[in-house]
2 protein chains.
Amino acid sequence: MEPPKRRRSNTRARLLEGALEVFAERGFHGASVEDICERAGFTRGAFYSNFGSKDELVLALFQATTDRLLGQIEALLPDLANQPGTLLDAVLGLLDETAPDQRQWHLISAEFTLHALRDPEAAEALNKQRAMFRKSLTRLVEQIAEAGGLELTVPAEQFVRMVMALHEGARSQSLLEPREVPAGSLEHTFLPMVLEAVSRPSR
Amino acid sequence: MEPPKRRRSNTRARLLEGALEVFAERGFHGASVEDICERAGFTRGAFYSNFGSKDELVLALFQATTDRLLGQIEALLPDLANQPGTLLDAVLGLLDETAPDQRQWHLISAEFTLHALRDPEAAEALNKQRAMFRKSLTRLVEQIAEAGGLELTVPAEQFVRMVMALHEGARSQSLLEPREVPAGSLEHTFLPMVLEAVSRPSR
DNA sequence: TGTATTCAATACAGAACTGTATCCTACTCT
DNA sequence: AGAGTAGGATACAGTTCTGTATTGAATACA
(Lines give C-alpha, C1' and ligand atoms only; values in the text may rest on other atoms or scores of the structure.)
Protein backbone atom coordinates (compact mmCIF):
# COMPACT_ATOMS: atom_id res chain seq x y z
CA MET A 1 0.00 0.00 0.00
CA GLU A 2 0.87 3.58 -0.24
CA PRO A 3 2.64 5.44 2.48
CA PRO A 4 0.02 6.91 4.76
CA LYS A 5 0.65 10.55 4.06
CA ARG A 6 0.34 10.16 0.36
CA ARG A 7 -2.67 7.96 0.92
CA ARG A 8 -4.31 10.55 3.09
CA SER A 9 -3.74 13.41 0.76
CA ASN A 10 -4.91 11.29 -2.11
CA THR A 11 -8.13 10.52 -0.26
CA ARG A 12 -8.57 14.18 0.45
CA ALA A 13 -8.01 15.06 -3.16
CA ARG A 14 -10.50 12.50 -4.34
CA LEU A 15 -13.08 13.76 -1.87
CA LEU A 16 -12.54 17.30 -3.10
CA GLU A 17 -12.89 16.16 -6.67
CA GLY A 18 -16.06 14.29 -5.85
CA ALA A 19 -17.40 17.32 -4.04
CA LEU A 20 -16.73 19.45 -7.10
CA GLU A 21 -18.73 17.10 -9.29
CA VAL A 22 -21.61 16.58 -6.91
CA PHE A 23 -21.85 20.26 -6.03
CA ALA A 24 -22.00 21.06 -9.73
CA GLU A 25 -24.77 18.52 -10.19
CA ARG A 26 -26.94 19.30 -7.19
CA GLY A 27 -25.69 22.48 -5.57
CA PHE A 28 -24.20 22.94 -2.13
CA HIS A 29 -27.32 22.30 -0.12
CA GLY A 30 -28.62 19.65 -2.45
CA ALA A 31 -25.53 17.51 -2.16
CA SER A 32 -25.24 15.38 0.96
CA VAL A 33 -21.95 14.40 2.51
CA GLU A 34 -22.80 10.84 1.69
CA ASP A 35 -23.33 11.68 -1.99
CA ILE A 36 -19.86 13.17 -2.09
CA CYS A 37 -18.26 10.21 -0.35
CA GLU A 38 -19.99 7.75 -2.60
CA ARG A 39 -18.81 9.61 -5.68
CA ALA A 40 -15.26 9.55 -4.37
CA GLY A 41 -15.50 5.88 -3.46
CA PHE A 42 -15.40 6.30 0.30
CA THR A 43 -17.76 6.36 3.24
CA ARG A 44 -18.47 9.14 5.69
CA GLY A 45 -15.75 7.84 7.94
CA ALA A 46 -13.15 8.99 5.46
CA PHE A 47 -14.88 12.32 5.10
CA TYR A 48 -14.99 13.22 8.78
CA SER A 49 -11.46 12.00 9.14
CA ASN A 50 -10.39 14.62 6.58
CA PHE A 51 -12.82 17.47 7.13
CA GLY A 52 -14.52 18.80 10.22
CA SER A 53 -17.82 19.52 8.56
CA LYS A 54 -19.52 20.19 5.29
CA ASP A 55 -18.90 23.91 5.66
CA GLU A 56 -15.23 23.27 6.15
CA LEU A 57 -15.23 21.22 2.97
CA VAL A 58 -16.73 24.11 1.05
CA LEU A 59 -13.97 26.40 2.24
CA ALA A 60 -11.32 23.82 1.41
CA LEU A 61 -12.79 23.28 -2.01
CA PHE A 62 -12.82 26.98 -2.67
CA GLN A 63 -9.22 27.24 -1.56
CA ALA A 64 -8.27 24.32 -3.77
CA THR A 65 -9.84 25.87 -6.85
CA THR A 66 -8.17 29.16 -6.03
CA ASP A 67 -4.80 27.46 -5.84
CA ARG A 68 -5.40 25.62 -9.07
CA LEU A 69 -6.42 28.84 -10.75
CA LEU A 70 -3.32 30.60 -9.51
CA GLY A 71 -1.13 27.80 -10.81
CA GLN A 72 -2.75 27.79 -14.20
CA ILE A 73 -2.44 31.52 -14.58
CA GLU A 74 1.24 31.42 -13.77
CA ALA A 75 1.70 28.66 -16.31
CA LEU A 76 -0.25 30.41 -19.05
CA LEU A 77 0.68 34.05 -18.65
CA PRO A 78 4.21 33.97 -20.07
CA ASP A 79 3.06 32.20 -23.22
CA LEU A 80 0.11 34.48 -23.80
CA ALA A 81 2.04 37.66 -23.15
CA ASN A 82 4.79 36.89 -25.63
CA GLN A 83 3.34 34.63 -28.23
CA PRO A 84 1.58 36.00 -31.27
CA GLY A 85 -2.13 36.79 -31.38
CA THR A 86 -4.23 39.76 -30.52
CA LEU A 87 -4.90 41.21 -27.13
CA LEU A 88 -8.41 39.83 -27.07
CA ASP A 89 -7.31 36.36 -28.07
CA ALA A 90 -4.98 36.35 -25.10
CA VAL A 91 -7.57 37.58 -22.64
CA LEU A 92 -10.34 35.29 -23.82
CA GLY A 93 -7.85 32.44 -24.05
CA LEU A 94 -6.92 32.85 -20.43
CA LEU A 95 -10.55 33.04 -19.39
CA ASP A 96 -11.37 29.87 -21.27
CA GLU A 97 -8.34 27.78 -20.50
CA THR A 98 -8.67 28.30 -16.79
CA ALA A 99 -12.14 26.75 -17.09
CA PRO A 100 -11.59 23.57 -19.06
CA ASP A 101 -15.05 22.26 -18.37
CA GLN A 102 -17.14 25.35 -19.04
CA ARG A 103 -20.34 23.92 -17.70
CA GLN A 104 -19.00 22.52 -14.45
CA TRP A 105 -16.91 25.56 -13.79
CA HIS A 106 -19.80 27.89 -14.38
CA LEU A 107 -22.07 25.93 -12.08
CA ILE A 108 -19.52 25.87 -9.29
CA SER A 109 -18.61 29.47 -9.83
CA ALA A 110 -22.24 30.58 -9.78
CA GLU A 111 -22.81 28.52 -6.67
CA PHE A 112 -19.84 30.14 -4.92
CA THR A 113 -20.99 33.57 -5.97
CA LEU A 114 -24.47 32.97 -4.66
CA HIS A 115 -23.00 31.72 -1.42
CA ALA A 116 -20.78 34.78 -1.19
CA LEU A 117 -23.70 37.12 -1.76
CA ARG A 118 -25.23 35.74 1.43
CA ASP A 119 -22.15 35.33 3.57
CA PRO A 120 -19.76 38.27 4.02
CA GLU A 121 -16.86 36.02 4.96
CA ALA A 122 -17.25 34.02 1.76
CA ALA A 123 -17.61 37.29 -0.13
CA GLU A 124 -14.25 38.44 1.13
CA ALA A 125 -12.60 35.21 0.05
CA LEU A 126 -14.24 35.30 -3.35
CA ASN A 127 -13.37 38.95 -3.87
CA LYS A 128 -9.75 38.22 -3.10
CA GLN A 129 -9.71 35.45 -5.66
CA ARG A 130 -11.39 37.57 -8.27
CA ALA A 131 -9.06 40.48 -7.54
CA MET A 132 -6.08 38.23 -8.10
CA PHE A 133 -7.46 36.92 -11.34
CA ARG A 134 -8.39 40.40 -12.46
CA LYS A 135 -4.94 41.69 -11.67
CA SER A 136 -3.36 39.01 -13.83
CA LEU A 137 -5.66 39.84 -16.68
CA THR A 138 -5.06 43.54 -16.23
CA ARG A 139 -1.32 43.14 -16.41
CA LEU A 140 -1.69 40.94 -19.43
CA VAL A 141 -3.73 43.62 -21.14
CA GLU A 142 -1.26 46.33 -20.23
CA GLN A 143 1.70 44.34 -21.45
CA ILE A 144 0.19 43.38 -24.76
CA ALA A 145 -1.15 46.86 -25.33
CA GLU A 146 2.24 48.38 -24.74
CA ALA A 147 3.98 45.79 -26.87
CA GLY A 148 1.52 46.52 -29.65
CA GLY A 149 1.91 50.25 -29.43
CA LEU A 150 -1.55 50.81 -28.06
CA GLU A 151 -2.78 53.09 -25.35
CA LEU A 152 -6.03 52.59 -23.46
CA THR A 153 -8.34 55.50 -22.82
CA VAL A 154 -9.87 53.81 -19.81
CA PRO A 155 -8.06 52.08 -16.95
CA ALA A 156 -7.10 48.57 -18.02
CA GLU A 157 -8.70 47.17 -14.89
CA GLN A 158 -12.01 48.74 -15.81
CA PHE A 159 -11.77 47.19 -19.23
CA VAL A 160 -11.02 43.80 -17.69
CA ARG A 161 -13.98 44.10 -15.34
CA MET A 162 -16.16 44.69 -18.33
CA VAL A 163 -14.74 41.69 -20.18
CA MET A 164 -15.28 39.48 -17.14
CA ALA A 165 -18.83 40.69 -16.68
CA LEU A 166 -19.72 40.13 -20.31
CA HIS A 167 -18.04 36.77 -20.32
CA GLU A 168 -19.98 35.60 -17.29
CA GLY A 169 -23.32 36.70 -18.62
CA ALA A 170 -22.59 35.34 -22.07
CA ARG A 171 -21.56 31.97 -20.68
CA SER A 172 -24.81 31.77 -18.83
CA GLN A 173 -26.71 32.36 -22.05
CA SER A 174 -24.56 29.87 -23.96
CA LEU A 175 -25.22 27.14 -21.43
CA LEU A 176 -28.95 27.82 -21.42
CA GLU A 177 -29.26 28.08 -25.19
CA PRO A 178 -26.25 26.43 -26.81
CA ARG A 179 -27.81 26.48 -30.26
CA GLU A 180 -28.82 30.13 -30.21
CA VAL A 181 -25.70 31.42 -28.49
CA PRO A 182 -22.58 29.44 -29.37
CA ALA A 183 -19.89 29.70 -26.74
CA GLY A 184 -17.89 32.87 -27.17
CA SER A 185 -20.08 34.35 -29.87
CA LEU A 186 -21.13 37.45 -27.96
CA GLU A 187 -17.60 38.12 -26.82
CA HIS A 188 -16.15 37.73 -30.29
CA THR A 189 -18.79 39.91 -31.84
CA PHE A 190 -18.67 42.84 -29.48
CA LEU A 191 -15.37 42.96 -27.67
CA PRO A 192 -13.37 44.00 -30.74
CA MET A 193 -15.62 47.03 -31.02
CA VAL A 194 -15.08 47.96 -27.41
CA LEU A 195 -11.35 47.52 -27.67
CA GLU A 196 -11.31 49.66 -30.78
CA ALA A 197 -13.26 52.33 -28.93
CA VAL A 198 -11.01 52.46 -25.87
CA SER A 199 -7.61 52.21 -27.52
CA ARG A 200 -5.51 54.43 -29.76
CA PRO A 201 -1.94 54.31 -31.01
CA SER A 202 0.36 55.51 -28.27
CA ARG A 203 2.22 58.61 -29.31
CA MET B 1 -64.05 37.72 7.75
CA GLU B 2 -63.08 37.74 4.18
CA PRO B 3 -64.90 35.73 1.61
CA PRO B 4 -63.10 32.42 1.33
CA LYS B 5 -61.87 32.81 -2.21
CA ARG B 6 -60.22 36.10 -1.52
CA ARG B 7 -58.86 34.69 1.70
CA ARG B 8 -57.41 31.74 -0.09
CA SER B 9 -55.77 33.72 -2.83
CA ASN B 10 -54.41 36.10 -0.25
CA THR B 11 -52.85 33.23 1.65
CA ARG B 12 -51.36 31.93 -1.55
CA ALA B 13 -49.95 35.31 -2.41
CA ARG B 14 -48.42 35.71 1.02
CA LEU B 15 -46.86 32.29 0.80
CA LEU B 16 -45.37 33.16 -2.58
CA GLU B 17 -44.07 36.40 -1.22
CA GLY B 18 -42.56 34.64 1.77
CA ALA B 19 -41.00 32.06 -0.51
CA LEU B 20 -39.42 34.80 -2.58
CA GLU B 21 -37.81 36.32 0.48
CA VAL B 22 -36.67 33.09 2.06
CA PHE B 23 -35.37 31.68 -1.21
CA ALA B 24 -33.38 34.86 -1.71
CA GLU B 25 -31.94 34.55 1.78
CA ARG B 26 -31.12 30.86 1.88
CA GLY B 27 -31.54 29.44 -1.60
CA PHE B 28 -33.99 26.82 -2.81
CA HIS B 29 -32.54 23.88 -0.98
CA GLY B 30 -31.58 25.86 2.06
CA ALA B 31 -35.10 27.11 2.65
CA SER B 32 -37.48 24.66 4.29
CA VAL B 33 -41.20 24.68 3.72
CA GLU B 34 -41.59 25.59 7.35
CA ASP B 35 -39.29 28.59 6.98
CA ILE B 36 -41.47 29.86 4.20
CA CYS B 37 -44.69 29.32 6.12
CA GLU B 38 -43.32 31.01 9.19
CA ARG B 39 -42.25 34.03 7.15
CA ALA B 40 -45.72 34.26 5.66
CA GLY B 41 -47.35 33.84 9.07
CA PHE B 42 -48.83 30.39 8.49
CA THR B 43 -48.09 26.78 9.23
CA ARG B 44 -47.47 23.92 6.89
CA GLY B 45 -51.15 23.16 6.82
CA ALA B 46 -51.75 26.29 4.81
CA PHE B 47 -48.88 25.45 2.54
CA TYR B 48 -49.98 21.96 1.59
CA SER B 49 -53.49 23.22 1.19
CA ASN B 50 -52.25 25.61 -1.50
CA PHE B 51 -49.35 23.74 -3.10
CA GLY B 52 -48.75 20.09 -3.72
CA SER B 53 -45.07 20.16 -2.94
CA LYS B 54 -42.05 22.37 -2.69
CA ASP B 55 -41.25 21.77 -6.35
CA GLU B 56 -44.72 22.90 -7.30
CA LEU B 57 -44.18 26.06 -5.30
CA VAL B 58 -41.01 26.77 -7.21
CA LEU B 59 -42.86 26.49 -10.49
CA ALA B 60 -45.71 28.67 -9.22
CA LEU B 61 -43.25 31.26 -7.96
CA PHE B 62 -41.49 31.30 -11.29
CA GLN B 63 -44.79 31.70 -13.07
CA ALA B 64 -45.80 34.50 -10.74
CA THR B 65 -42.60 36.44 -11.36
CA THR B 66 -43.00 35.88 -15.07
CA ASP B 67 -46.51 37.32 -14.96
CA ARG B 68 -45.37 40.26 -12.92
CA LEU B 69 -42.54 40.90 -15.35
CA LEU B 70 -44.89 40.77 -18.30
CA GLY B 71 -47.24 43.23 -16.65
CA GLN B 72 -44.47 45.65 -15.83
CA ILE B 73 -43.10 45.56 -19.32
CA GLU B 74 -46.47 46.32 -20.81
CA ALA B 75 -46.85 49.22 -18.43
CA LEU B 76 -43.41 50.65 -19.10
CA LEU B 77 -42.89 50.10 -22.80
CA PRO B 78 -45.17 52.82 -24.16
CA ASP B 79 -43.58 55.47 -21.95
CA LEU B 80 -40.04 54.47 -22.74
CA ALA B 81 -40.62 54.16 -26.46
CA ASN B 82 -42.10 57.62 -26.88
CA GLN B 83 -40.69 59.78 -24.13
CA PRO B 84 -37.39 61.57 -24.51
CA GLY B 85 -34.04 60.07 -23.60
CA THR B 86 -31.50 58.02 -25.41
CA LEU B 87 -31.83 54.46 -26.57
CA LEU B 88 -29.56 53.23 -23.83
CA ASP B 89 -31.43 55.08 -21.12
CA ALA B 90 -34.59 53.34 -22.23
CA VAL B 91 -33.04 49.88 -22.32
CA LEU B 92 -31.23 50.19 -19.03
CA GLY B 93 -34.28 51.82 -17.51
CA LEU B 94 -36.42 48.86 -18.41
CA LEU B 95 -33.84 46.44 -17.06
CA ASP B 96 -33.64 48.29 -13.78
CA GLU B 97 -37.27 49.13 -13.20
CA THR B 98 -38.36 45.56 -13.66
CA ALA B 99 -36.04 44.67 -10.78
CA PRO B 100 -36.90 47.16 -8.06
CA ASP B 101 -34.92 45.33 -5.42
CA GLN B 102 -31.71 44.64 -7.30
CA ARG B 103 -30.24 42.37 -4.70
CA GLN B 104 -33.24 40.16 -4.10
CA TRP B 105 -34.01 39.96 -7.78
CA HIS B 106 -30.48 38.99 -8.66
CA LEU B 107 -30.40 36.29 -6.00
CA ILE B 108 -33.68 34.78 -7.14
CA SER B 109 -32.75 35.11 -10.76
CA ALA B 110 -29.38 33.45 -10.26
CA GLU B 111 -31.04 30.71 -8.26
CA PHE B 112 -33.56 30.07 -11.04
CA THR B 113 -30.82 30.04 -13.63
CA LEU B 114 -28.78 27.57 -11.65
CA HIS B 115 -31.84 25.43 -11.27
CA ALA B 116 -32.52 25.64 -14.99
CA LEU B 117 -28.97 24.64 -15.85
CA ARG B 118 -29.64 21.35 -14.07
CA ASP B 119 -33.22 20.72 -15.08
CA PRO B 120 -34.19 20.80 -18.79
CA GLU B 121 -37.82 21.45 -18.00
CA ALA B 122 -36.96 24.48 -15.91
CA ALA B 123 -34.56 25.56 -18.65
CA GLU B 124 -37.37 25.59 -21.16
CA ALA B 125 -39.56 27.72 -18.91
CA LEU B 126 -36.73 30.12 -18.15
CA ASN B 127 -35.77 30.40 -21.80
CA LYS B 128 -39.32 31.26 -22.72
CA GLN B 129 -39.41 34.00 -20.12
CA ARG B 130 -36.08 35.37 -21.23
CA ALA B 131 -37.12 35.21 -24.87
CA MET B 132 -40.19 37.25 -24.08
CA PHE B 133 -38.21 39.83 -22.19
CA ARG B 134 -35.59 39.94 -24.91
CA LYS B 135 -38.20 40.41 -27.56
CA SER B 136 -39.65 43.40 -25.74
CA LEU B 137 -36.22 44.93 -25.41
CA THR B 138 -35.43 44.20 -29.02
CA ARG B 139 -38.55 45.91 -30.25
CA LEU B 140 -37.84 48.85 -27.99
CA VAL B 141 -34.39 49.16 -29.47
CA GLU B 142 -35.69 48.91 -33.01
CA GLN B 143 -38.37 51.50 -32.42
CA ILE B 144 -36.12 54.03 -30.78
CA ALA B 145 -33.41 53.51 -33.34
CA GLU B 146 -35.79 54.10 -36.17
CA ALA B 147 -37.33 57.11 -34.49
CA GLY B 148 -33.85 58.53 -33.97
CA GLY B 149 -32.78 57.92 -37.55
CA LEU B 150 -30.33 55.21 -36.63
CA GLU B 151 -29.57 51.93 -38.28
CA LEU B 152 -27.94 49.00 -36.53
CA THR B 153 -25.17 47.05 -38.20
CA VAL B 154 -25.88 43.95 -36.13
CA PRO B 155 -29.27 42.36 -35.44
CA ALA B 156 -30.99 44.24 -32.64
CA GLU B 157 -31.58 41.01 -30.79
CA GLN B 158 -27.87 40.26 -30.78
CA PHE B 159 -27.23 43.70 -29.34
CA VAL B 160 -29.85 43.10 -26.68
CA ARG B 161 -28.33 39.76 -25.77
CA MET B 162 -25.05 41.50 -25.26
CA VAL B 163 -26.61 44.19 -23.09
CA MET B 164 -28.34 41.57 -20.97
CA ALA B 165 -25.19 39.54 -20.57
CA LEU B 166 -23.15 42.54 -19.56
CA HIS B 167 -25.86 43.75 -17.22
CA GLU B 168 -26.03 40.42 -15.47
CA GLY B 169 -22.30 40.09 -14.98
CA ALA B 170 -21.99 43.72 -13.94
CA ARG B 171 -24.75 43.38 -11.38
CA SER B 172 -22.98 40.44 -9.87
CA GLN B 173 -19.84 42.51 -9.49
CA SER B 174 -21.77 45.45 -8.08
CA LEU B 175 -23.39 43.32 -5.43
CA LEU B 176 -20.11 41.71 -4.46
CA GLU B 177 -18.14 44.97 -4.41
CA PRO B 178 -20.56 47.88 -4.13
CA ARG B 179 -17.80 50.37 -3.39
CA GLU B 180 -15.54 49.38 -6.26
CA VAL B 181 -18.30 48.87 -8.82
CA PRO B 182 -21.24 51.22 -8.33
CA ALA B 183 -24.45 49.87 -9.82
CA GLY B 184 -24.62 50.57 -13.51
CA SER B 185 -21.11 51.93 -13.82
CA LEU B 186 -19.81 49.31 -16.24
CA GLU B 187 -22.89 49.59 -18.40
CA HIS B 188 -22.75 53.37 -18.54
CA THR B 189 -19.07 53.38 -19.32
CA PHE B 190 -19.00 50.85 -22.11
CA LEU B 191 -22.40 50.51 -23.69
CA PRO B 192 -22.31 53.93 -25.37
CA MET B 193 -19.15 52.82 -27.14
CA VAL B 194 -20.77 49.63 -28.34
CA LEU B 195 -23.84 51.43 -29.53
CA GLU B 196 -21.69 53.93 -31.37
CA ALA B 197 -19.85 51.07 -33.02
CA VAL B 198 -22.92 49.19 -34.21
CA SER B 199 -25.07 52.08 -35.34
CA ARG B 200 -24.94 54.60 -38.17
CA PRO B 201 -27.35 57.18 -39.53
CA SER B 202 -29.91 55.46 -41.66
CA ARG B 203 -29.66 56.55 -45.29
C1' DT C 1 -80.91 28.73 12.51
C1' DG C 2 -78.71 24.72 11.21
C1' DT C 3 -75.93 22.26 7.94
C1' DA C 4 -72.25 21.85 4.71
C1' DT C 5 -67.97 23.32 3.16
C1' DT C 6 -63.62 25.42 2.99
C1' DC C 7 -59.26 26.62 4.86
C1' DA C 8 -55.71 26.40 8.00
C1' DA C 9 -53.74 24.31 12.48
C1' DT C 10 -52.09 20.34 14.77
C1' DA C 11 -50.40 15.91 15.36
C1' DC C 12 -47.90 12.29 13.37
C1' DA C 13 -45.28 8.89 10.40
C1' DG C 14 -41.44 8.11 7.65
C1' DA C 15 -37.24 9.40 5.42
C1' DA C 16 -32.81 11.62 5.06
C1' DC C 17 -28.95 13.79 6.86
C1' DT C 18 -25.29 15.20 10.02
C1' DG C 19 -22.02 14.12 13.16
C1' DT C 20 -19.98 10.78 16.76
C1' DA C 21 -18.11 6.74 18.73
C1' DT C 22 -16.21 2.51 18.05
C1' DC C 23 -13.93 -1.01 15.53
C1' DC C 24 -10.94 -3.04 12.09
C1' DT C 25 -7.24 -3.30 8.94
C1' DA C 26 -2.86 -2.25 7.02
C1' DC C 27 1.24 0.04 7.39
C1' DT C 28 5.42 1.71 10.17
C1' DC C 29 9.14 1.17 13.05
C1' DT C 30 11.93 -1.08 16.17
C1' DA D 1 8.09 -10.51 14.22
C1' DG D 2 5.36 -7.72 17.22
C1' DA D 3 3.58 -3.33 19.14
C1' DG D 4 1.81 0.95 17.97
C1' DT D 5 -0.68 4.02 15.01
C1' DA D 6 -3.23 6.12 11.29
C1' DG D 7 -6.97 5.96 8.11
C1' DG D 8 -11.16 4.48 6.90
C1' DA D 9 -15.54 1.50 7.68
C1' DT D 10 -19.52 0.56 10.42
C1' DA D 11 -23.03 1.33 13.57
C1' DC D 12 -25.73 4.60 15.96
C1' DA D 13 -28.02 8.75 18.12
C1' DG D 14 -30.23 12.97 17.40
C1' DT D 15 -32.13 16.31 14.54
C1' DT D 16 -34.68 18.13 10.71
C1' DC D 17 -37.51 17.86 6.96
C1' DT D 18 -41.35 16.49 3.93
C1' DG D 19 -45.76 15.08 3.36
C1' DT D 20 -50.34 13.10 5.34
C1' DA D 21 -54.29 12.59 8.23
C1' DT D 22 -57.14 14.55 11.38
C1' DT D 23 -59.27 18.29 13.73
C1' DG D 24 -61.26 22.77 14.55
C1' DA D 25 -63.14 27.22 13.25
C1' DA D 26 -65.30 30.37 10.29
C1' DT D 27 -68.16 31.26 6.40
C1' DA D 28 -71.80 30.30 2.90
C1' DC D 29 -76.18 28.85 2.09
C1' DA D 30 -80.58 26.83 2.59
Side-chain angles (χ1 to χ4, degrees), chain A residues 1-62 64 111 114-115 118-119 121-122, chain B residues 1-62 64 111 114-115 118-119 121-122:
Chain A
M1 265 262 166
E2 287 174 300
K5 283 202 176 167
R6 172 171 298 169
R7 174 163 156 237
R8 180 176 190 80
S9 87
N10 182 41
T11 301
R12 202 182 146 90
R14 277 165 66 192
L15 284 170
L16 284 170
E17 196 179 341
L20 195 74
E21 292 176 18
V22 179
F23 280 158
E25 286 172 19
R26 309 187 195 173
F28 287 169
H29 283 280
S32 75
V33 172
E34 186 143 19
D35 290 335
I36 295 166
C37 297
E38 196 181 357
R39 176 68 54 101
F42 294 96
T43 64
R44 288 209 307 291
F47 181 90
Y48 284 103
S49 158
N50 278 278
F51 303 97
S53 69
K54 197 176 163 184
D55 282 356
E56 195 179 308
L57 166 74
V58 173
L59 280 184
L61 183 59
F62 181 76
E111 197 79 50
L114 223 31
H115 180 58
R118 295 179 181 124
D119 175 356
E121 210 169 338
Chain B
M1 263 264 168
E2 287 174 302
K5 282 202 174 166
R6 171 171 299 169
R7 175 164 152 235
R8 181 177 189 78
S9 86
N10 182 41
T11 301
R12 202 182 144 90
R14 277 165 66 192
L15 282 170
L16 284 170
E17 196 179 340
L20 194 75
E21 292 175 18
V22 179
F23 281 158
E25 285 172 19
R26 311 187 194 172
F28 286 170
H29 283 279
S32 74
V33 171
E34 185 143 21
D35 289 337
I36 295 167
C37 297
E38 195 182 358
R39 176 66 54 101
F42 294 97
T43 64
R44 288 207 307 291
F47 180 89
Y48 283 104
S49 158
N50 279 278
F51 304 97
S53 67
K54 197 176 164 183
D55 282 355
E56 196 180 307
L57 167 75
V58 172
L59 279 185
L61 183 58
F62 181 77
E111 197 80 53
L114 222 31
H115 180 57
R118 292 175 182 128
D119 174 358
E121 211 170 337

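Reckoned from all heavy atoms, side chains included, excluding hydrogens, waters and symmetry mates. The structure presented is a predicted model; accordingly, all values stated were derived computationally and were not measured. Chain identifiers are assigned alphabetically (A, B, ...) following the order of the sequence lines, protein sequences preceding nucleic acid strands; residue numbering begins at 1 within each chain.
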Fill in the blank from the handout: Between the CG atom in A/Leu16 and the CZ atom in A/Phe51, the distance rounded to the nearest 0.5 Å is 4.0 Å
Handout entry: Of residues 19-29 of chain A, the positions that come close to DNA chain D - non-hydrogen atoms, cut-off under 4.0 Å
Key = none
With the criterion being N/O to N/O and under 3.5 Å, what pairs connect the protein with nucleotides 10-16 of chain C, and how long is each?
from   : atom 1 : to      : atom 2 : distance (Å)
C/dC12 : N4     : B/Arg44 : NH2    : 3.4

Problem - B/Asn50 vs C/dA8: side-chain N/O to OP1/OP2 distance below 4.0 Å - result: yes
Completion exercise
Which of C/dA8, C/dT18, D/dT20 is nearest the side chain of A/Val33? It is C/dT18
Problem - Nucleic acid contacts - residues 52-62 of chain B versus DNA chain D, non-hydrogen atoms under 4.0 Å - result: B/Ser53, B/Lys54
Problem - A/Glu17 side, atom CD; A/Leu61 side, atom CG - distance, nearest 0.5 Å - result: 11.0 Å
Completion exercise
Here the distance between atom P of D/dT16 and atom CD of A/Glu34, to the nearest Å, is 20 Å
Problem - From SG (A/Cys37) to CZ (A/Arg14), nearest 0.5 Å - result: 11.5 Å
Practice task
Nearest whole angstrom, please: distance from the P of C/dT18 to the CZ of A/Phe51.
Solution key: 14 Å
Handout entry: A/Glu34: side chain to side chain donor-acceptor pair (under 3.5 Å) partners, not counting sequence neighbours
Key = A/Arg44
Completion exercise
Hits for ring pair (Phe, Tyr, Trp, His ring centres under 6.0 Å) against B/Phe42, two or more places apart or cross-chain, chain-then-number order -> none
Handout entry: Interatomic spacing from CZ in B/Arg12 to CZ in B/Phe47 - rounded to 0.5 Å
Key = 10.0 Å
Exercise for the section: Identify the two heavy atoms, one from B/Tyr48 and one from B/Ser53, that lie closest to each other, and give their separation to 0.1 Å. Expected result: CE2-CA, 4.3 Å
Practice task
Mind jotting down which residue pairs meet the salt bridge (charged side-chain N to carboxylate O under 4.0 Å, His left out) criterion with at least one end in residues 49-58 of chain A? Sequence neighbours excluded, please.
Solution key: none
Completion exercise
Only residue of B/Val33, B/Leu57, B/Asn50 satisfying side-chain contact (heavy atoms from CB on, under 4.5 Å) with B/Leu15 is B/Asn50
Problem - Distance, rounded to the nearest Å, where A/Glu38 contributes CD and D/dG8 contributes P - result: 18 Å
For residues 20-29 of chain A, which side-chain N or O atoms pair as donor and acceptor with protein atoms under 3.5 Å away, sequence neighbours left out?
from    : atom 1 : to      : atom 2 : distance (Å)
A/Glu21 : OE1    : A/Arg39 : NH1    : 2.9
A/Glu25 : OE1    : A/Arg39 : NH2    : 3.1
A/Glu25 : OE2    : A/Arg39 : NH1    : 3.1
A/Glu25 : OE2    : A/Arg39 : NH2    : 3.4
A/Arg26 : NH1    : A/Asp35 : OD1    : 3.4
A/Arg26 : NH1    : A/Asp35 : OD2    : 2.9

Practice task
Verify, without hydrogens or angle tests, whether A/Asp119 (side chain) and A/His115 (backbone) share a donor-acceptor contact under 3.5 angstrom.
Solution key: no
Practice task
With heavy atoms under 4.0 Å as the rule, sort A/Tyr48 into base, sugar-phosphate or nothing.
Solution key: base
Completion exercise
Separation of D/dG19 atom P from B/Phe47 atom CZ, nearest Å, is 8 Å
